[in-house]
Amino acid sequence: MLPSSISRRRFLQTTAAASLAAPAFAEPAAQSIVKIALGMDNFAVRAMGWKAPQLIEHAAALQLDTLFISDLDAYDSFDASYLKAIKAKADMLGLALYVGSWSICPTSTRFKKDWGTPAEHITLGLRVASELGSPVFRVILGSQEDRKTPGGIEARIDDTLKVLKESRKEILDSGIKIAIENHAGDMQSYELAQLIEAAGTDIAGVCIDSGNAAWTLEDPLAVLENLGKYTIVSSLRDDQIWESPDGAVVQWTAVGDGVVDWNAYLGKWRALCPHVPFQIETISGFPRTFAYNKPEFWEIFPKVRQEEFARFVELAKKGHAIEPHKAAAGVDKKVDDQEYQKAELARSVKYCRDVLGLGIRGR
């Protein structure tokens with residue numbers, strides 16, 4: 001069932017138009033192509049339980065250019081001497097580091113007090129980023145659950161904006177930008193763009209997540225079109241999307257295994273944010289249903305943009321069902337998770353390098 005603001009006739013017209021709305025982008029002449037760095041997000045191998053030194057070694061073994069350590073838990077210490085040693089190890093192995101953490105929205109369902117108040121969290125993140133040479137400190141607002149809280153996602157955006165404004169001078173003085181992710185179904189791309197503009201592009205940008213795009217009923221390419229000019233860091237994977245009686249099912253996959261048109265995606269990337277590294281965050285193996293044929297579903301997406309929803313529906317028509325990942329009989333689940341995650345990351349890296357031509361070294 002569609003939201004009341006979208007008539008059936010208008011929706012069908014929009015859906016038809018959407019199939020023509022995302023042009024393929026021709027590759028520029030070979031001599032003008034900017035080499036795009038290829039990296040990984042540590043969450044891709046979360047089952048390993050690795051700390052920063054082991055993550056650096058794994059990224060180097062994959063001959064990557066960057067490593068996005070998106071969790072502060074990956075460090076054994078925040079002492080300057082420890083962080084300097086981490087940076088020295090990364091430098092020695094030819095890796096640029098990017099730093100991230102969790103929610104800075106005090107009213108989000110995902111907010112944790114592990115790093116103090118939101119302002120204290122930002123202060124710590126900026127210091128870690130500075131020590132490690134990261135140009136960004138990635139944070140999140142929350143998740144789709146925040147859309148159900150009092151005031152909805154608009155109230156949580158306002159609360160996040162207040163935090164950013166209170167820390168504005170400190171962020172500016174640091175020379176490091178706050179990268180806000182489109183995370184787990186929290187903000188649609190236009191909502192995140194509005195937050196970045198309100199905070200100021202001099203202190204904030206986007207951590208773009210192609211997998212999370214589908215969790216807000218958007219085509220990942222459309223999200224890049226909307227957010228590419230704000231993008232300063234990335235966590236990327238593919239989406240397999242298929243129709244179901246209730247609406248559609250999304251299952252994240254390795255790059256190249258889903259419905260994302262990566263040639264078009266890369267073309268738009270080159271046009272909007274060519275100096276941002278392509279960093280892989282595979283979180284594969286489980287499905288999630290988005291029951292938009294049920295009227296109650298639209299209570300959490302009251303302001304969906306019909307043109308972008310139509311593009312998502314078109315993707316679902318192109319996709320096909322895939323089985324969730326399960327450990328083989330007799331195999332320890334933890335060991336299976338570890339091997340599966342490493343394999344999914346390796347396959348994504350290979351596709352990005354061999355098919356898309358990404359990466360500065362290891363080619």
Side-chain angles (χ1 to χ4, degrees), residues 36-37 39-41 43 66 68-70 96 98-105 108 110 118 121-122 125-126 129 134-144 146 153-154 156-161 163-165 167-168 171-172 174-237 239 260 265-281 283 305 308:
I36 296 174
M40 62 170 276
D41 184 315
F43 199 70
T66 68
F68 186 12
I69 302 178
S70 57
Y98 286 74
V99 170
S101 187
W102 205 234
S103 175
I104 59 166
C105 177
S108 168
R110 293 293 184 95
H121 191 180
I122 288 174
L126 292 175
S134 172
V136 309
F137 174 49
R138 169 269 201 178
V139 299
I140 66 168
L141 184 156
S143 72
Q144 193 176 100
D146 291 309
I153 198 66
E154 291 88 353
R156 307 292 76 76
I157 291 172
D158 287 344
D159 293 339
T160 303
L161 179 59
V163 168
L164 291 169
K165 286 184 174 180
S167 295
R168 178 176 177 78
I171 298 167
L172 269 177
S174 74
I176 294 163
K177 286 191 176 183
I178 302 297
I180 306 171
E181 185 177 321
N182 56 314
H183 186 263
D186 58 3
M187 290 176 284
Q188 293 190 293
S189 57
Y190 79 91
E191 293 166 330
L192 179 50
Q194 289 172 353
L195 172 57
I196 299 300
E197 289 286 353
T201 55
D202 54 346
I203 67 164
V206 167
C207 173
I208 198 162
D209 189 308
S210 54
N212 287 334
W215 279 26
T216 51
L217 308 178
E218 295 177 277
D219 177 346
L221 181 57
V223 169
L224 178 60
E225 290 167 0
N226 293 337
L227 297 179
K229 68 179 180 179
Y230 304 109
T231 295
I232 53 179
V233 70
S234 67
S235 294
L236 305 170
R237 58 192 167 280
D239 300 275
V260 176
Y265 197 91
L266 182 57
K268 181 58 72 172
W269 192 278
R270 290 191 184 282
L272 294 174
C273 50
H275 301 292
V276 176
F278 231 72
Q279 296 178 143
I280 305 303
E281 185 193 20
I283 314 176
R305 293 188 170 184
E308 293 180 4

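Just so it is clear, the model here is predicted, and its values are computed rather than measured.
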- Message: Quick check on side-chain hydrogen bond (donor to acceptor under 3.5 Å, both in side chains): which of His183, Gln144, Glu181 does Asn212 satisfy it with?
- Response: Glu181
- Query: Of all heavy-atom pairs between Tyr230 and Ala193, which one has the smallest distance, and what is that distance?
  - Reply: CE1-CB, 3.8 Å
- Is the closest basic N to carboxylate O distance between Lys268 and Glu225 below 4.0 Å? no
- Query: Can you tell me if Glu308 and Asn226 form a side-chain donor-acceptor pair at under 3.5 Å?
  - Reply: yes
- Query: If you take all heavy atoms of Asp239 and Pro220, which pair is closest and at what distance?
  - Reply: OD2-CG, 3.3 Å
- Going from OG1 on Thr201 to CD1 on Ile196, what distance comes out if it is rounded to the nearest 0.5 angstrom? 9.0 Å
- Item | Thr160 side chain reached by Ile104 side chain, heavy atoms, under 4.5 Å | yes
- Message: Quick check against the 3.5 Å criterion: does Ser103 have a side-chain atom that pairs as donor or acceptor with the backbone of Leu141?
- Response: yes
- Which pair of heavy atoms, one from Glu281 and one from Asp209, lies closest together, and at what distance? OE1-OD2, 3.2 Å
- Query: Rounded to the nearest 0.5 Å, how far does SG of Cys105 lie from CG of Asp186?
  - Reply: 9.5 Å
- Message: As an exercise, state the distance from CZ of Phe137 to NE2 of His121, rounded to the nearest 0.5 Å.
- Response: 4.0 Å
- Task: Please step through side chain to side chain contact (heavy atoms under 4.5 Å, CB included) for the pair Val276 and Ile208, ending with a clear verdict.
- Result: CA-CA 10 Å; Val276 176; Ile208 198 162; over 6 Å; no
- Message: As an exercise, state the distance from CD1 of Ile203 to CG of Leu164, rounded to the nearest 0.5 Å.
- Response: 5.5 Å
- Yes or no on side chain to side chain contact (heavy atoms under 4.5 Å, CB included) for Arg110 and Trp102, after CA distance, side-chain angles and deciding distance? CA-CA 8 Å; Arg110 293 293 184 95; Trp102 205 234; 3.4 Å; yes
- So how far is it from Ser210 OG to Ile280 CD1, rounded to the nearest 0.5 Å? 7.5 Å
- Yes or no on side chain to side chain contact (heavy atoms under 4.5 Å, CB included) for Ser235 and Phe43, after CA distance, side-chain angles and deciding distance? CA-CA 9 Å; Ser235 294; Phe43 199 70; over 6 Å; no
- Query: Is there a donor-acceptor contact under 3.5 Å from the side chain of Trp215 to the main chain of Asn182?
  - Reply: no
- Message: Measuring only between side-chain heavy atoms, which start at C-beta, is Thr231 closer than 4.5 Å to Leu272?
- Response: no
- Query: What are the two closest heavy atoms between Phe278 and Ile36, and how far apart are they?
  - Reply: N-CG2, 4.1 Å
- Of all the heavy-atom pairs spanning Ile171 and Ile122, show the shortest one and how long it is. CG1-CG2, 4.2 Å
- Applying side chain to side chain contact (heavy atoms under 4.5 Å, CB included), run through Leu236 and Tyr265 and close with a yes or a no. CA-CA 11 Å; Leu236 305 170; Tyr265 197 91; 3.7 Å; yes
- Query: Is the shortest heavy-atom distance from the side chain of Ile153 to the side chain of Met187 under 4.5 Å?
  - Reply: yes
- Scanning both residues in full, the closest heavy-atom pair of Val99 with Ala129 reads CG2-CA, 3.9 Å
- Message: Would you compute the distance between atom CG of Leu227 and atom OG of Ser234 and round it to the nearest 0.5 angstrom?
- Response: 12.5 Å
